[in-house]
Structure formats: C-alpha cells, structure tokens
2 protein chains.
Amino acid sequence: MLSKACEYGIKAMIYLAGTSQEGQRVSLNLVAQHIESPEAFTSKILQKLAKAKVVKSVKGAKGGFELNGSTSKEIFLWDIVVAIDGTAIRDDCFLGLNYCSRSNPCPVHDKYEKIRDDIMSFLMKTSVHDLSLTVQEGKSFLS
Amino acid sequence: MLSKACEYGIKAMIYLAGTSQEGQRVSLNLVAQHIESPEAFTSKILQKLAKAKVVKSVKGAKGGFELNGSTSKEIFLWDIVVAIDGTAIRDDCFLGLNYCSRSNPCPVHDKYEKIRDDIMSFLMKTSVHDLSLTVQEGKSFLS
DNA sequence: TTTAAATTGGACAAATGTGTCCGATTTAAA
DNA sequence: TTTAAATCGGACACATTTGTCCAATTTAAA
C-alpha cells in the first residue's frame, strides 16, 4: 500500500505533532529513536517533507524539526503521502492498465472504485493532529 | 497495492478463463500478447500459479495453459494474490508496526480496519469467471 | 524416430526502493 | 571567534522487484 519511506514519514509527523507542540524543535535522532526507524533514511524522508513544506526544519545548534499544534490540524495523511509516494495510489489502475477509465475500464474498475474512494476519504480526512492525540493518551503506539 | 507480477497474474487468469473454456490450451505467447505483458516475465508468473495449482500447465507441442470454465468459478482474486504476493496485504500494519493489534494498535488501526475488510471481501468474493464474462461481453478490457 | 512446439528452470541484467556514510553548511552558545 | 550541535546533499551500498536469455525437457505430429 504505502512505501516504507511513507510509513516512516507518517509516524515521524505524528510524533512531531505530539512533542513539538509549543514551538519546540525535535532532533532527527529523537524522532528516529521513537518511531524505531533507521536514522539516516529518516533524515532523507524529513528532508523531503521539509521541501514540501509539510514540516519546518531548522539547521544548526538547537535546530531540528518543528510542527506546531495548529499546523498539525491542517496536515492530513494525504499531504504526507503525496510528498513521499506521489499520487499513484489515487491515480493508478488496480490491474495496472495504462489507460483505465469509465470508457475503457479494467474488469474490476467499478468494484475497486468504491475501495479507492474509501482510501482517499480516509487519507484526506485524517489529520496528523488527531492521530497524535491518541498516541499522547497512550491509546495507540508508534512502535 | 499489488505487485506488477500480481497484476499480470490476474490479467492472465482472466484472459485464460475466457479463451480456454472448452478445455483448450493457450500458449504463453498468446497470453502475453493479449494482456500486453513481457513474455518471459509472464512465464515466471504462470509457473508460480501452476505450482500453486491455480492454473494447469502442459508442456510440449499443443501444450500451454488451461483453465476450464467450471474451475474459473472457484478461483477468486485472493487465490492469485496469495500465490504471488503472499498474505501481506491482509496481515501487515498500515504504518508498518511489527506488532499491531487490538492491544497494541497503531494510530490508524481502527480506521484502516474497515478499509482492509473491504479489500479482503472484494478479493475473496470476486471470481476470475465473473470478471472474464465482462471482458467477453466487451464491457471491460485487459489492456 | 525425428522434428517442431511448447513449458521449465537457472543464471543473469536492469530498475527501483531501502539504507548508510560523510563532508559541507548553518546556527547557537561559550 | 571558536566550537559544538544540528540539518543538508551527494555518493555509495544492499535488497527486492522486474525483466531477459537460453539450454533442458516434454509432448504431439510428421
């Protein structure tokens, strides 16, 4: 479904939304430790998210990654997925047809459309903020 | 979602269900042409499906792949997915947690469970035979 | 029995995804 | 101004997936 990079990216953002709330910055090292991801690889992913302006990064001493509470309410899983995996999950045919459409449908076009719509609604309506709350409450986990 | 190999495998099976109806065998070459897949790669995939007894293969002249109509009614997308991609799509956590469960859930555990159930129901209830009918009627396409 | 048609299996090649290393750069603080 | 802490960026390494090639094997038919 999602690439490893995207999984790490989402977990990192959820962690940041929970810890960086008062404008505090969190280091790559801390992020990787808490989500149990390879640090150097996580670095690349956070760089990508920073370029896509999904998270703010600050270089130098006392630097790190920053995501204030109000911003995290406006960031949805879809934003992260697009920044890392692109829009293939929304655009690509379930059977890989190059041109799959209403007028040239693959055999599962209609049946899969409902599932795709559910996935998209899930990704576009679920905010990083909401997910971080359940982690902070100890009701869900990032590792 | 699915690997390329799995996409080819499903398309190949749908094509076979439509052409090999009267116990006729279809050559790898024909299959690959109709589903527009790389022939040698498709060979590997059909070999895997043959070993998993999802399709019958016959070597030698007048050989090929065979899938009679009654059998195709009992083969569901899930059978093909399991033979090629395994059960990860059913078993793996959306965020990649090694142990994601009701008692140690990831932040999207509940929300994604519904989607996963829909996907599984789609895969387990959709037969190769049903899909091949829409192709034969010219209502859907494999390329 | 020979030949042609077909799958099989193994080795290889290319592309992509995952992951590492390290020097360059930036910034805060001593 | 120097130093330490941090991200950035590029090159590299490894693993998996995708794809190719070809000799070996099997089978039907001439």
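Predicted model only: the values in this text are computed from it and were never measured. Here is how names work: the chains are called A, B, and so on, in the same order as the sequence lines, proteins then strands, and each is numbered from 1.
Look at B:Tyr8 and you'll find a side-chain N or O under 4.0 angstrom from OP1 or OP2 of D:dG19. Phosphate contact (OP1/OP2 of C:dG9, side-chain N/O of B:Lys51, threshold under 4.0 Å): present. Look at A:Ser27 and you won't find any side-chain N or O under 4.0 angstrom from OP1 or OP2 of D:dA5. Phosphate contact (OP1/OP2 of C:dG9, side-chain N/O of B:Gln47, threshold under 4.0 Å): present.
At least one donor-acceptor pair under 3.5 Å links the side chain of B:Asp85 to the backbone N or O of B:Ser3.
Atom CG of B:Asn29 is separated from atom P of C:dA5 by 12 Å (rounded to the nearest Å). When rounded to the nearest whole Å, the span between NZ of B:Lys48 and C1' of C:dT8 equals 15 Å. In this structure, the CD atom of A:Glu66 is 15 Å from the P atom of D:dA6, given to the nearest Å. Whole-Å rounding puts the A:Phe41 CZ to D:dG9 P distance at 17 Å.
Across all strands shown, D:dT27 forms a Watson-Crick or G-U wobble pair, both distances under 3.5 Å, with C:dA4.
Taking every side-chain heavy atom of A:Lys59 into account, C:dT25 is the closest of C:dT18, C:dT25, D:dC21. Of the candidate nucleotides C:dG19, D:dC21, D:dT26, C:dG19 has the atom nearest to the side chain of A:Pro38. Minimum atom distance to the side chain of A:Phe65 is reached by D:dC8, of the listed C:dT7, D:dC8, D:dC21.
Residue B:Ser43 is in base contact, counting any heavy-atom pair closer than 4.0 Å across all strands shown.
Between A:Ala61 and A:Ala50, the residue whose closest nucleotide on DNA chain D is further toward the 5' end is A:Ala61.
Within a 6.0 Å radius of CE in A:Met120, more than 12 heavy atoms belonging to other residues, nucleotides or ligands are found.
Note on ring orientation: taking the six-membered ring where Trp is involved, the planes of B:Phe122 and A:Tyr112 are tilted (angle from 30° to 60°).
Judged by atom type and distance alone, B:Lys44 reaches the base of C:dG9 through a side-chain donor-acceptor pair under 3.5 Å.
For the pair A:Ile80 and A:Val128, the minimum side-chain heavy-atom distance is below 4.5 Å.
With 3.5 Å as the limit, one finds a donor-acceptor pair spanning the side chains of B:Gln47 and B:Ser43.
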